[in-house]
Structure formats: C-alpha cells, structure tokens
Number of protein chains: 2
Amino acid sequence: MKKRQITIKDIAKALHISPSTVSRSLADHPDISQETKNIVNAYAREHKYKPNALALSLRTNNTKTIGVILPQIVHYFFSSVLSGIEDEAEKGGYRVIICQSNENYEKEVKGAQALLEARVCGVLASVAKTTTIYNHFQELIDSDIPMVFFDRICTGILTDRVVVDDYAGVCSAVEYLIRSGCRRIAFFGSPSHLAISNNRRMGYEDALRKNGLPVDKELIKICDNYTEALRLTPELLSLPNRPDAFFAVNDETAIGVLNVVKAKGLRIPDEVSICGFTNNSLAEVSDPLLTSVDQHGYELGAIAMRLLIERLNGVRDGDRIVSKIIKTNLVVRQSTR
Amino acid sequence: MKKRQITIKDIAKALHISPSTVSRSLADHPDISQETKNIVNAYAREHKYKPNALALSLRTNNTKTIGVILPQIVHYFFSSVLSGIEDEAEKGGYRVIICQSNENYEKEVKGAQALLEARVCGVLASVAKTTTIYNHFQELIDSDIPMVFFDRICTGILTDRVVVDDYAGVCSAVEYLIRSGCRRIAFFGSPSHLAISNNRRMGYEDALRKNGLPVDKELIKICDNYTEALRLTPELLSLPNRPDAFFAVNDETAIGVLNVVKAKGLRIPDEVSICGFTNNSLAEVSDPLLTSVDQHGYELGAIAMRLLIERLNGVRDGDRIVSKIIKTNLVVRQSTR
DNA sequence: TTGAAAGCGCTAACAC
DNA sequence: GTGTTAGCGCTTTCAA
C-alpha cells in the first residue's frame with residue numbers, strides 16, 4: 001500500500017557504493033571526489049530522494065521543532081501571533097507544531113504531553129483560561145525544554161516571557177478618553193484570574209485616579225463578548241448618570257456596545273465614546289470605525305520565537321530570565337472624540 | 001545542556017532487566033508477569049518516561065501525522081476549517097502539522113517538500129491563489145501519500161476532494177435577492193483562474209438567466225477585498241441605472257460596499273440590498289447586520305479529515321475518487337429585503 | 001517468562 | 001577517496 005520513500009541505502013545499492021559515501025556526497029563533504037558526488041546527486045535528484053527527517057532527528061537528538069500551545073487559532077490576536085512565530089521559526093530553520101487548547105485545561109495538558117513525546121526543542125505557550133494548575137508546564141521545564149510564555153503568562157513558572165503592555169495600553173487609552181472630555185468611563189473586562197485581566201483593570205483604574213476621577217464600581221462590569229455587551233450596555237445607559245465612554249477589553253465587545261449605543265439613538269462619539277482592544281478587522285469595518293488599542297500580535301510572536309531561538313542557540317546564559325514587553329498603540333478612529 | 005529524556009534502555013539498566021522486557025511491560029504484553037509489569041510501570045511513571053515518537057515512527061514507518069497546506073490561518077474560513085480538521089484528527093489519533101502558503105506558490109512548494117521529509121501519512125490541501133503549477137502536489141501523490149483537497153481544489157489532480165457548493169450557494173443567494181425584488185444585481189468576485197471563482201460567477205449568472213434577467217458586464221467586477229470595494233462601489237452607484245443589490249464573494253468586500261452605500265445616503269436594504277459570503281464575525285456585528293452565505297468551514301474540515309482517515313485505513317478501495325460537496329445556507333439578516 | 005539481536009534511515013568515528 | 005561499524009530509541013522475531 002504505502003510506498004516507501006527512497007533511502008540512502010537504496011541509492012548506495014543502485015550505485016554499488018556504500019551508504020556513507022552517498023551520505024557524504026549529499027552533504028557535499030570535501031573528502032568525496034567530484035565525480036562521485038555528481039553521480040550520487042544526479043541519481044538522488046532523479047529519484048526524488050528526500051532525507052528522512054525522523055531518522056535525522058533521532059540520530060542528532062534534535063528535532064528542529066518548536067511546539068506552540070495556544071488557546072484558539074480562530075481568534076485574530078492569536079492567529080497574528082502565530083504568523084510572527086512561523087515566519088521567525090522559518091528564518092531560524094525550525095518547524096512549528098501547534099496545539100490548540102480551546103481554553104480547555106485537559107487539552108492543554110494533552111498538548112504538552114504530545115510535545116514531550118514529539119521531542120520538541122522548545123515550547124511557546126499562552127495559557128488557557130481554565131488552567132489553574134501548571135504541572136504540565138513545569139514538566140516541560142524539568143525536561144530541560146526551554147519555554148517562552150507569551151501574552152497569557154504563567155507567573156509561577158520562571159521562564160522567558162513576552163507580554164503586551166496591557167496596563168499601559170489601557171491606561172493611556174483611558175487617559176486619551178479623559179483628555180477628550182469623557183468623565184464617566186465604563187470598563188468591560190474579563191474575569192480576573194488571569195494576570196492579564198487584572199493588569200488591564202489596573203490600567204483603567206489608575207488612569208482615572210491619576211486624573212482625579214472617581215472609580216465607580218457601578219461602571220465596571222465583567223463582560224468580554226458581543227452578546228454579553230448587548231445585554232449589559234443598556235443597563236449602564238439607563239443609569240441616571242450614564243457613562244459618556246466605554247472601554248472594552250476586546251473589539252467584539254466594543255462593537256456590541258457600539259451597536260447598542262447607536263440603537264438607543266445616542267451619537268458616537270459626541271455623546272458616547274467607545275474604545276476597543278486588539279484592533280482586529282472589526283475595527284476597520286464598523287460604523288463608525290472603532291478606536292482600538294493595537295497589540296502588535298505579529299511582533300509579539302516574532303519576538304517570542306526569537307527569544308526562544310536565542311535560548312536554544314545558547315546565546316543567553318542559563319539563569320537570566322528575559323521579560324519583554326510589547327508596547328501597544330492606540331489607533332484612533334471615529335468612535336472617540 | 002539539553003537533558004536527554006529517559007529511555008527504555010535507561011529503565012532496563014536501572015531495573016537490571018532487558019530493554020525488550022521493559023518494552024513489553026509498557027505495552028502490557030500478555031507474556032510478561034504481572035510483577036515485572038508493576039515494577040516497570042511504577043519506575044516509568046516515577047521517572048516520567050515518555051515514548052519517543054520519532055523512534056516509533058521510524059520503526060513502524062508510520063508517523064501518525066497529517067500535513068495541512070492552506071493559504072492563511074488568519075482568515076476566518078480557513079481557521080474554522082482547521083478546527084474541524086484538528087478535532088477529527090485527534091479522534092483518529094493523528095497529529096497535524098500545518099504549512100501556511102500565504103498565497104505564495106514558492107512557500108507552498110516548500111511546505112509540500114517539508115511534509116515529504118516529515119514523512120506525513122497524508123495531506124490535506126487548499127491551493128494558493130498564485131499557484132498554477134501542480135508538480136509539488138503530484139509528487140505527493142507519486143509518493144503514495146493520500147491527499148484530499150478542500151475548498152480550493154486542483155482540478156488536474158485526481159484525488160478525493162471536498163468543496164463548498166459555491167455555485168448553488170451563490171445561485172440561491174442571488175435568487176433570494178431577485179425574489180425580494182432586486183433587478184440590477186452587481187457581482188464582486190475574485191480573479192478567475194481558481195475554479196472556485198468561476199463557480200461563484202456561474203452561480204450568479206445562472207440565477208439571473210433562470211429568472212429572465214440580463215447579465216450586464218457593467219455590473220460584474222473583480223473585487224475581493226475591503227479597500228477595492230471602497231474604490232469600485234462608488235463607480236457603480238453613480239451609474240445612470242445603478243444597481244439595487246450587491247453580491248460579494250466575501251464579507252470584507254460586502255462590508256466595504258455597505259459602508260460606501262451608507263455614506264452615499266442610500267438606505268439598506270430598501271434602496272440597496274447587500275449579500276456577503278463566508279458568514280464570518282463581521283456579518284454579526286455590522287450595521288445593518290449582513291446577510292451572508294455560510295460555508296460551514298468546520299464541517300468541511302472535519303469531513304475532509306474523515307475522508308483522508310478512511311483512505312489511510314484502507315476503508316475505501318484504491319481508485320474510487322470521492323467528491324463531497326458541502327451545502328451552504330443563506331443566513332438572512334438585515335442587509336437584504 | 002525473559003533476553004539477544006536485528007533493523008527502521010541516517011551519520012561520524014575509525015579504518016584502509 | 002571510500003567502506004565498515006556502531007548507535008540514536010524502539011519493537012519484534014527467534015531462541016532459551
């Protein structure tokens with residue numbers, strides 16, 4: 001059924017020479033005569049010889065493969081991170097194998113096990129929302145597999161990491177809203193067991209405090225998707241002292257707010273400003289166009305991979321942990337004053 | 001530096017037994033005494049023994065790995081296809097390795113080579129827009145690697161395939177527009193060297209013909225992205241006899257049309273209907289919400305993978321080529337009457 | 001019930 | 001300049 005690919009042995013047999021000569025010829029080893037090389041290479045090309053990556057990896061104990069663990073590829077942010085990862089991996093001569101956790105702890109653990117069995121050289125990971133135990137990551141570390149966490153890091157585990165400066169990103173976005181005249185700014189955030197959620201909320205609160213505005217619990221909601229935004233926004237808008245701005249931790253949520261606000265007949269941005277986070281394609285096609293914080297996912301991915309490759313190449317010494325922070329920037333469009 | 005994972009030999013040495021006994025114990029072979037098994041398994045668990053997938057694959061000549069070649073993960077349609085692929089692969093006990101072509105022929109070829117070197121058991125592929133030569137796919141076939149094309153198939157190569165019923169999808173969407181009273185329906189499509197582009201356009205033209213409407217070349221444009229839509233829509237709207245509906249081959253383009261139409265002060269859907277294709281998240285957050293043709297990407301991916309796995313398991317006989325067609329359905333929202 | 005040996009495809013030390 | 005051999009981690013005949 002399944003045809004075996006041609007091997008070095010096959011070539012050797014056909015050409016009546018030894019496998020090592022074939023191997024060396026293909027590797028352009030200086031010891032081999034040009035004539036032999038020509039014959040071997042011609043034969044190999046003709047028969048479409050392809051080196052067996054498995055055999056090579058097994059021998060060298062080096063798979064040239066990086067494992068990536070992330071929540072969901074369908075999310076714009078993660079797929080852009082992945083692009084950065086892949087491009088950089090390719091430059092470094094590494095293959096990438098991906099495990100989606102789907103925000104599910106068990107799948108994340110299984111993924112980590114699979115990466116271990118696949119003998120990956122290193123792992124990039126962003127943890128699932130439901131993950132609260134980190135043994136599977138610790139096991140990677142214990143097996144001396146270098147790790148770099150990105151975005152959703154795992155504070156308990158000491159590794160290189162690269163995160164978005166959520167705190168500053170939110171803080172400066174909220175300050176922008178304040179400068180533009182907003183005084184009652186609502187915050188729609190995620191449940192707070194991920195460090196990243198807290199950072200964002202702190203950015204929001206500190207921006208208010210710095211500018212002498214009160215932090216009103218009434219204006220802070222756990223809400224991080226479109227449908228929830230449709231449900232919660234009306235409540236806030238019917239408050240006696242309704243918000244004059246909304247900050248949402250992702251663009252879907254922000255668009256939900258935007259649609260409700262429009263439906264209520266309030267003008268954007270004159271009566272209500274709205275700011276999102278991620279800056280995905282939604283922001284570029286909404287009406288009005290959405291002001292949003294760009295997280296530079298591609299760069300984040302590329303930097304994380306570079307960090308890992310440096311570590312693998314032994315560029316950096318053992319113990320020093322590097323923590324990179326990606327600056328966001330606010331892309332101002334039409335939904336804010 | 002890199003710590004070697006513990007191997008069967010290590011266990012054998014530590015326990016003063018032979019590697020074969022360890023191997024058999026771990027595989028729960030009936031010949032081995034329960035006592036030996038217990039000792040071995042305990043030791044293996046304690047030292048976190050992980051089978052070396054490479055060695056196994058090399059021996060069995062079966063990597064249990066499927067290669068996937070696709071244009072761009074960042075596109076909603078492809079990432080949903082990928083989800084279907086991965087879920088189904090997991091059920092079948094297969095790993096997945098992904099090659100993004102980024103719509104680039106050379107990258108696609110390199111991807112195919114990499115899959116060959118990785119000795120994948122099978123390949124799922126959707127071809128890049130720039131691909132016009134198919135030797136790299138033919139080489140996979142020649143190496144007896146079963147292939148299934150999905151969505152963007154390669155007509156010249158005889159393999160299993162699963163496609164979206166673009167023709168019927170477009171046709172019935174356009175008929176819906178006609179039934180709702182539209183008479184001058186513009187069509188924004190892709191450059192036509194992909195079979196899929198032609199199918200869509202044929203669906204459009206046939207729907208018009210079936211209903212006794214003229215096919216007006218003036219209303220057919222090559223336009224498949226947001227910015228192009230912003231550029232081309234005004235032209236059509238300023239025609240003496242302007243279109244009363246637009247059909248676009250993806251949602252980004254449709255939203256571009258939608259925004260231009262709104263900006264011109266025309267009412268949607270009363271004066272102009274708009275219909276997209278893909279039904280991605282944009283359709284659910286635009287204003288008005290976009291009517292769009294759902295392609296069922298997840299199912300497509302799952303079915304493609306099932307087809308491949310059946311082939312690998314020898315369920316189906318050698319020559320019979322299976323061609324599955326995924327029915328679309330029109331999700332009617334607010335942008336059409 | 002267990003062990004020894006061979007071999008999957010490849011390369012590198014060591015012959016010659 | 002080329003060949004022989006051993007070994008990466010694993011399983012599986014074959015032998016004991």
Side-chain angles (χ1 to χ4, degrees), chain A residues 1-41 43-44 47-65 114 116-121 143, chain B residues 1-41 43-44 47-65 114 116-121 143:
Chain A
M1 173 95 279
K2 176 78 177 298
K3 188 164 55 184
R4 227 181 38 12
Q5 289 264 22
I6 186 176
T7 72
I8 281 192
K9 253 193 201 163
D10 297 329
I11 301 181
K13 213 166 291 171
L15 265 31
H16 304 292
I17 54 179
S18 81
S20 29
T21 304
V22 175
S23 172
R24 285 188 274 241
S25 294
L26 293 169
D28 202 20
H29 191 102
D31 279 0
I32 303 292
S33 76
Q34 195 53 51
E35 197 195 339
T36 311
K37 279 182 192 170
N38 291 342
I39 297 173
V40 170
N41 290 329
Y43 189 94
H47 291 77
K48 300 192 203 291
Y49 167 77
K50 295 280 176 316
N52 185 325
L54 268 59
L56 246 145
S57 298
L58 182 60
R59 228 196 92 80
T60 59
N61 193 24
N62 180 1
T63 53
K64 279 292 197 177
T65 300
L116 235 17
E117 296 188 3
R119 299 298 193 266
V120 293
C121 304
S143 307
Chain B
M1 175 94 278
K2 176 81 178 297
K3 188 163 56 187
R4 229 179 38 9
Q5 289 264 22
I6 186 176
T7 71
I8 282 193
K9 253 194 204 165
D10 297 328
I11 301 181
K13 213 166 291 172
L15 265 31
H16 302 294
I17 54 179
S18 80
S20 24
T21 305
V22 176
S23 172
R24 283 187 275 241
S25 295
L26 293 170
D28 201 22
H29 191 104
D31 280 359
I32 303 293
S33 75
Q34 195 53 53
E35 197 196 337
T36 311
K37 281 182 193 170
N38 291 341
I39 297 174
V40 170
N41 290 329
Y43 189 93
H47 291 77
K48 300 193 202 290
Y49 168 77
K50 295 280 174 320
N52 185 323
L54 269 59
L56 246 147
S57 297
L58 183 61
R59 227 197 94 80
T60 59
N61 193 26
N62 181 1
T63 53
K64 278 291 194 178
T65 300
L116 236 16
E117 297 188 3
R119 298 298 193 266
V120 293
C121 303
S143 307

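Hydrogens, waters and symmetry mates play no part in the numbers below; they use all other heavy atoms, side chains included. Everything numeric here is computed off the predicted structure, so don't read it as measured data. Within every chain, numbering begins at 1; the chains are lettered A, B, ... in the order of the sequence lines, protein sequences first and strands thereafter.
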Looking at every strand, decide which applies to [X] at a 4.0 Å heavy-atom threshold: base, sugar-phosphate, or nothing.
{"X": "B:Asn52", "value": "sugar-phosphate"}
{"X": "A:Thr7", "value": "sugar-phosphate"}
{"X": "B:Thr36", "value": "sugar-phosphate"}
{"X": "B:Ile17", "value": "sugar-phosphate"}
{"X": "B:Ser57", "value": "nothing"}
{"X": "A:Ser20", "value": "base"}

Rounded to whole Å, please give me the gap between [atom1] in [X] and [atom2] in [N].
{"X": "B:Leu58", "N": "D:dT11", "atom1": "CG", "atom2": "C1'", "answer": "12 Å"}
{"X": "A:Gln5", "N": "C:dG9", "atom1": "CD", "atom2": "C1'", "answer": "12 Å"}
{"X": "B:Asp31", "N": "D:dT11", "atom1": "CG", "atom2": "P", "answer": "15 Å"}
{"X": "A:Arg4", "N": "C:dG7", "atom1": "CZ", "atom2": "P", "answer": "14 Å"}
{"X": "B:Arg59", "N": "D:dT12", "atom1": "CZ", "atom2": "P", "answer": "5 Å"}
{"X": "B:Asn62", "N": "C:dG9", "atom1": "CG", "atom2": "C1'", "answer": "16 Å"}
{"X": "B:Arg24", "N": "D:dC10", "atom1": "CZ", "atom2": "P", "answer": "15 Å"}
{"X": "B:Ile8", "N": "C:dG7", "atom1": "CD1", "atom2": "P", "answer": "20 Å"}

When you measure from the side-chain N and O atoms of [X] to the phosphate of [N], is any distance below 4.0 Å, counting only OP1 and OP2?
{"X": "B:Ser18", "N": "C:dG3", "value": "yes"}
{"X": "A:Lys9", "N": "C:dC8", "value": "yes"}
{"X": "A:Ser23", "N": "C:dA12", "value": "no"}

Does some side-chain heavy atom of A:Lys48 sit less than 4.5 Å from a side-chain heavy atom of A:Ile6? no

Can you find a heavy atom in the side chain of B:Ser57 that is under 4.5 Å from one in the side chain of B:Arg119? no

Which sits closer to the 5' end of DNA chain C, B:Ala55 or B:His16, going by the nucleotide each is nearest to?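 Taking each residue's closest nucleotide, the earlier one in sequence belongs to B:His16.
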
Pair A:Ser20, A:Ser23: side-chain N/O donor-acceptor within cut-off below 3.5 Å: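 No, A:Ser23 and A:Ser20 have no side-chain donor paired with an acceptor closer than 3.5 Å.
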
CD1 of A:Ile8 to OH of A:Tyr49: how many Å apart, nearest 0.5 Å?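 Output value for this atom pair is 3.5 Å.
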
Side-chain atoms of B:Leu56 come closest, of C:dC8, D:dT11, D:dG3, to D:dT11

Salt-bridged, B:Asp31 to B:Arg24, with N to O below 4.0 Å?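 Between B:Arg24 and B:Asp31 there is no salt bridge, as every charged N stays at least 4.0 Å from the carboxylate O atoms.
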
